[in-house]
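Predicted model only: the values in this text are computed from it and were never measured.
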Amino acid sequence: MLKWYKFAGSVEDSCGDQFENLGRFCATKPRSVIGASMLFIFLSFAGFTQINTITDGEKLWIPIPSDALVAKDYVQEKYETTIRASQLILTPSSGSNALNTDVFDSMWSINKAVNQIKFKGQTYRDLCYVPLSATDGNCSYAGVLNYWDNDYTAYVNSVGGSDTQLRTDLSASNYPSGAEALTRQYFADDLTYDDTGTMVSASA
């Protein structure tokens with residue numbers, strides 16, 4: 001036990017001597033000490049050029065690297081947003097006016113086929129984008145079928161196979177839901193109206 005006391009004492013004395021020498025050096029050469037300290041601080045600032053700020057919560061809480069982040073980066077690289085939309089432009093198979101029931105009947109057939117798609121046990125409704133504001137849980141649609149709230153039965157009951165009634169419905173300034181109709185986004189630039197403000201023709 002006495003040996004340990006002696007060893008501890010020698011270590012304490014040695015540390016005391018070193019700190020005393022350091023203190024004497026700082027006291028006798030303050031300019032050198034301050035200059036060296038300032039130089040070290042400025043050199044340390046060089047590390048800020050390599051700073052990398054991460055604000056993405058997923059990268060802050062998920063280990064880097066990880067398979068989850070690799071998959072996420074791949075999706076973000078290939079697709080600009082998490083919501084991907086497909087656009088269809090329909091033109092009449094005969095004639096030049098797309099505002100007829102033949103074109104719209106084809107559109108409803110395509111709409112039905114899309115809604116019946118199944119992939120790996122999942123349906124279109126399982127994969128489609130449903131806005132938070134959708135109280136009925138329906139998929140988000142942007143197109144002329146919104147003039148009947150994307151409801152084929154409502155379309156049949158209203159239009160009844162009449163091109164004239166079809167164009168009257170399409171001339172409405174609002175959808176049945178009350179939302180403003182985005183008419184100019186849905187039809188070709190050659191859309192024309194008659195004197196009463198009812199749509200007459202459009203090539204697509």
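Rounded to the nearest 0.5 Å, atoms OH (Tyr124) and CD1 (Ile117) are 8.0 Å apart. Atoms CH2 and CG, from Trp108 and Asn150 in turn, are 5.0 Å apart once rounded to the nearest 0.5 Å. Atoms CG and CG, from Leu170 and Leu191 in turn, are 9.0 Å apart once rounded to the nearest 0.5 Å. In this structure, CG on Asn111 lies 10.0 Å from CD on Gln116, to the nearest 0.5 angstrom. The CG atom of Leu166 sits 10.5 Å away from the CG atom of Asp102 when rounded to the nearest 0.5 Å. Expressed to the nearest 0.5 Å, how far CG of Asn174 lies from CG of Asn146 amounts to 12.5 Å.
Few gaps surround CG on Asn21; more than 12 heavy atoms of other groups in view lie less than 6.0 Å from it. Around atom OH of Tyr152, no more than 12 heavy atoms belonging to other residues, nucleotides or ligands sit under 6.0 Å away. Counting heavy atoms of neighbouring residues, nucleotides and ligands inside a 6.0 Å radius, atom CD of Glu180 does not exceed 12 of them.
Legend: residues meeting side-chain contact (heavy atoms from CB on, under 4.5 Å) with Val33, ordered by chain and number and at least two apart, are Phe25, Cys26, Ser37. With sequence neighbours excluded, the residues satisfying side-chain hydrogen bond (donor to acceptor under 3.5 Å, both in side chains) with Asp163 are Thr101. In terms of the side-chain hydrogen bond (donor to acceptor under 3.5 Å, both in side chains) criterion, Glu12 has no residue partners (sequence neighbours excluded). In this structure Thr196 satisfies the side-chain contact (heavy atoms from CB on, under 4.5 Å) test together with Asp194, Thr198, sequence neighbours excluded. Take Ser158 and apply the side-chain contact (heavy atoms from CB on, under 4.5 Å) test, not counting sequence neighbours, and it matches Trp148, Gln165, Asp169. For Phe40, the side-chain contact (heavy atoms from CB on, under 4.5 Å) partners at least two apart in sequence or on another chain are Ser44.
Summarising the geometry of Pro92 relative to Ser203, their closest heavy-atom pair is CD-O, 3.4 Å, with the distance given to 0.1 Å. Between Leu99 and Met199 the shortest heavy-atom distance is CD1-CB, 3.8 Å. Here the closest non-hydrogen pair linking Met107 and Leu145 is SD-CD2, 3.7 Å. Heavy-atom minimum distance, Asn97 versus Asn100: O-ND2, 2.6 Å.
Residues Val200 and Phe104 are members of separate hydrophobic clusters, defined by side-chain heavy-atom contacts under 4.5 angstrom among Ile, Leu, Val, Met, Phe, Trp and Tyr. With hydrophobic clusters built from ILVMFWY side chains whose heavy atoms lie under 4.5 angstrom apart, Val114 does not share a cluster with Phe119. At a threshold of 4.5 Å between side-chain heavy atoms, the hydrophobic network of Ile, Leu, Val, Met, Phe, Trp and Tyr places Phe45 and Leu39 in two separate groups.
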Inset, instruction - Take Thr153 and Val156 through the test side chain to side chain contact (heavy atoms under 4.5 Å, CB included) and record every step on the way to the result. - result: CA-CA 5 Å; Thr153 301; Val156 172; 5.9 Å; no
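No donor-acceptor distance shorter than 3.5 angstrom exists from the side chain of Ser201 to the backbone of Thr192, with no hydrogens or angles considered.
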